[in-house]
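Counting begins at 1 with the first residue of the sequence. Basis for what follows: all heavy atoms, side chains included, without hydrogens, waters or symmetry-related copies. As the structure is a prediction and not an experimental result, all values here were calculated from the model.
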Amino acid sequence: MRSADPTALWDTIRLGLSKQLPEASFKEWIAPCAPVKVEDGTLWIQVPSAAAKLWIEQQLPEEFNDALAQGGLADLQLVFQVSGVSPAEPKAAPRKGESGSHPALEAPTASSFPYLFNRYTLDRFVVGPGSQLAFAAAKAVVDSYGKAATPLSMNPLFIYGGAGLGKTHLMVGIGKGLLARNPRLRVAYLKVDNFFNELTVAIKAKNTEPMRKKYQQNDVLLLDDVQTLGKMERTQEEIFYILEYLLQHGKQIVLTSDKPPQRLEGCHERLITRFKWGLTADIQPPDFETRIAILKKKLEDADFKNVPPIPDDVLTFIAHKAKGSVRDLEGFLTRVIFQASLIGIPPTLEVAHAAFQGQSGEEPTAAIPPERIYRMTAETFNLPFADLMKKRSRQQAVLLPRQVAMYLAREIASAPFTDIGRSFSMHHSTVMNAIDSVRERMKRDPEFHRMVQALLNSIH
Ligand SMILES: Nc1ncnc2c1ncn2[C@@H]1O[C@H](COP(=O)(O)OP(=O)(O)OP(=O)(O)O)[C@@H](O)[C@H]1O
């Protein structure tokens, strides 16, 4: 039986968090929290400010979920309550199965997800050129589920990409989308690490059969972070049997990983073969426009409703500085809001600069000079630099590299259109058209998208 003592429960969660978070983060965000009460499977936790609540809910959902899972508290719901705000007020306790601000997508069911994953719905996922295929596949899994013509090739759906790019969000979004259509579906979300821990306990008790059965009963299995399977021999074996069974019974499987199946080290070939059976879709970092769209979408969240409007120049600054993971992008936005609220001023560009320094511990990095970008582009396309830059060159072989170079100058160095135009002896409207055509092609042509992204990464 689980303890009903809020302090004991909070201690377990704190312990799990202390193992995952850097000491400074733990001190800043977790130490000031205090347990309040346990009621109907929900632990109420007091946080010192609305901004701290925002930070915890936006930035630490996975850490909390892991801490709960590792403490054997996977079904405990958490509610963060700001000191001085009565618990009965503004949002009622989101109990298991209760929906957040998008009720249509958060079906009440025994399979519902942790409260902290409320935001992970498909309608809140912003699609960009780098995530088009993965998103289309996610939607297709939801739309075609249970239909006679379910494309076999979508099962399993294997989503891979770098850290913080939205793999878990998409995966959970699939689960929620399916549950919204059929609340009776049994959907299990599971991180490989947590499966490993559960299995270790079962092995010690010499009783692994119930666990295997439990997972084989699902209609949909969402398995997160399969790259960690590497050295887990026994876990691989168990997962293999579970997947095999589910696939044979036509159940849907979604997997995420930071690398494609063929690059999973230490994984048995038979498991890799299963992973590759269906569709493999990657997620690449969002481009500048998508980053802006993500920030704007984020600000529509109910959690941000009392936040003062963020000026466009601040959003542009944030989107230029946080180019990799979306988690960092969101973290930066939240930090700007947090710092502004601490000082009690609107979130201006100065606050954003200060937040950036606070976060990175350094001055904003000097922009990469556009000329370096042009040189590297020429090199990649095997062109002499002078040819790339040649005035009014209409040579077909040079057109595309020039367009790519302009796109990268804008994307990486935020170079003004007029400056780029000057470098290539072009009117700035021609530069804008060239950059648009690169963006368009990136959306249409995954190969081209990969090539440009690789070049972008190498310049960074
Ligand atoms: N395209 C997107 N649109 C909206 N939000 C996004 C998008 N991509 C990521 N996010 C948000 O970024 C955060 C990190 O995403 P998520 O946890 O899904 O990343 P991940 O790829 O699973 O990372 P990791 O591999 O580190 O677990 C979440 O808050 C998620 O909602």
Side-chain angles (χ1 to χ4, degrees), residues 1-49 51-83 87 93-96 112-120 163-164 168 172 188-205 207-208 211 214 222-225 227-232 234-235 327 330-331 334-335 338:
M1 263 273 292
R2 192 171 69 203
S3 163
D5 171 13
T7 308
L9 291 173
W10 180 234
D11 282 348
T12 308
I13 299 167
R14 272 166 52 101
L15 181 68
L17 290 169
S18 69
K19 289 183 194 152
Q20 298 179 65
L21 291 172
E23 205 182 322
S25 296
F26 185 87
K27 270 199 189 137
E28 188 172 7
W29 305 112
I30 308 303
C33 297
V36 180
K37 62 174 179 180
V38 192
E39 223 171 67
D40 298 337
T42 300
L43 171 64
W44 294 71
I45 301 160
Q46 184 169 295
V47 291
S49 66
K53 172 172 154 70
L54 189 67
W55 182 274
I56 289 175
E57 294 188 348
Q58 298 286 326
Q59 288 296 296
L60 305 176
E62 292 200 21
E63 286 78 1
F64 267 93
N65 288 329
D66 286 355
L68 286 168
Q70 282 158 22
L73 303 173
D75 60 343
L76 181 71
Q77 293 291 353
L78 303 177
V79 173
F80 299 94
Q81 168 201 334
V82 180
S83 316
R95 301 225 311 263
K96 197 161 193 70
S112 63
F113 295 92
Y115 164 54
L116 288 165
F117 277 174
N118 272 2
R119 299 177 295 109
Y120 292 8
T168 306
V172 171
Y189 166 82
L190 186 63
K191 264 181 112 155
V192 166
D193 275 351
N194 295 334
F195 184 89
F196 171 82
N197 292 336
E198 194 181 341
L199 184 64
T200 309
V201 174
I203 291 173
K204 269 197 196 132
N207 193 14
T208 54
M211 186 178 160
K214 178 174 90 177
L222 311 172
L223 194 57
D224 209 356
D225 287 343
Q227 75 277 356
T228 53
L229 271 172
K231 293 192 181 80
M232 304 174 180
R234 188 62 210 278
T235 305
R327 188 177 293 117
E330 292 184 336
T334 313
R335 192 170 274 278
F338 181 68

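If you run side-chain contact (heavy atoms from CB on, under 4.5 Å) between W10 and each of V38, I45, L78, only I45 comes through.
Side-chain contact between D193 and D224 is absent, with no heavy-atom pair separated by less than 4.5 Å. Counting heavy atoms from C-beta on, the side chains of R234 and T208 come closer than 4.5 Å. Residues Y189 and L223 fail the side-chain proximity criterion, which asks for heavy atoms closer than 4.5 Å. Here the side chains of L73 and T12 are in contact, with some heavy-atom distance below 4.5 Å. When side chains are defined from C-beta on, D66 does not count as touching L17, because their heavy atoms never get closer than 4.5 Å. Contact of the E57 side chain with the R119 side chain is not registered, since no non-hydrogen atoms from C-beta on lie closer than 4.5 Å. By the 4.5 Å heavy-atom criterion applied to side chains, P6 and W44 are not counted as neighbours. Residues E62 and R327 form a side-chain contact, since some pair of their non-hydrogen atoms from C-beta on lies under 4.5 Å apart.
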Step by step, work out the side-chain contact (heavy atoms from CB on, under 4.5 Å) result for I203 and L199.
CA-CA 6 Å; I203 291 173; L199 184 64; 3.8 Å; yes

Verdict with reasoning, F338 to W29, per ring-ring contact (aromatic ring centres under 6.0 Å, His included):
CA-CA 12 Å; F338 181 68; W29 305 112; 4.9 Å; yes

Check the pair I56 / C33 against side-chain contact (heavy atoms from CB on, under 4.5 Å), numbers first and verdict last.
CA-CA 10 Å; I56 289 175; C33 297; 3.8 Å; yes

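Between the CZ atom of F64 and the CZ atom of F80 there is a distance of 4.0 Å, given to the nearest 0.5 Å. Rounding to the nearest 0.5 angstrom, the gap separating the CG atom in D225 from the CZ atom in F195 is 14.5 Å. A distance of 6.5 Å separates OG1 in T42 from CG in D40, rounded to the nearest 0.5 Å. Here the straight-line distance linking atom OG1 of T7 with atom NZ of K37 works out to 14.5 Å at 0.5 Å rounding. Put simply, OG on S25 and CG on L60 are 7.5 Å apart, with the number rounded to the nearest 0.5 Å. Atoms CD and CG, from E198 and N194 in turn, are 8.5 Å apart once rounded to the nearest 0.5 Å.
Annotation for Q58 and E330: closest pair O-OE1, 4.3 Å, computed over non-hydrogen atoms. When all heavy atoms of G331 and W55 are compared, the pair lying nearest together is O-CZ3, 3.4 Å. Nearest heavy atom pair, residue P32 against residue K27, reads CD-O, 3.4 Å. Between F196 and T235, the closest heavy-atom pair is CD1-OG1, 3.2 Å.
Without hydrogens or angle criteria, Q46 side chain to Q81 main chain gives no donor-acceptor distance under 3.5 Å.
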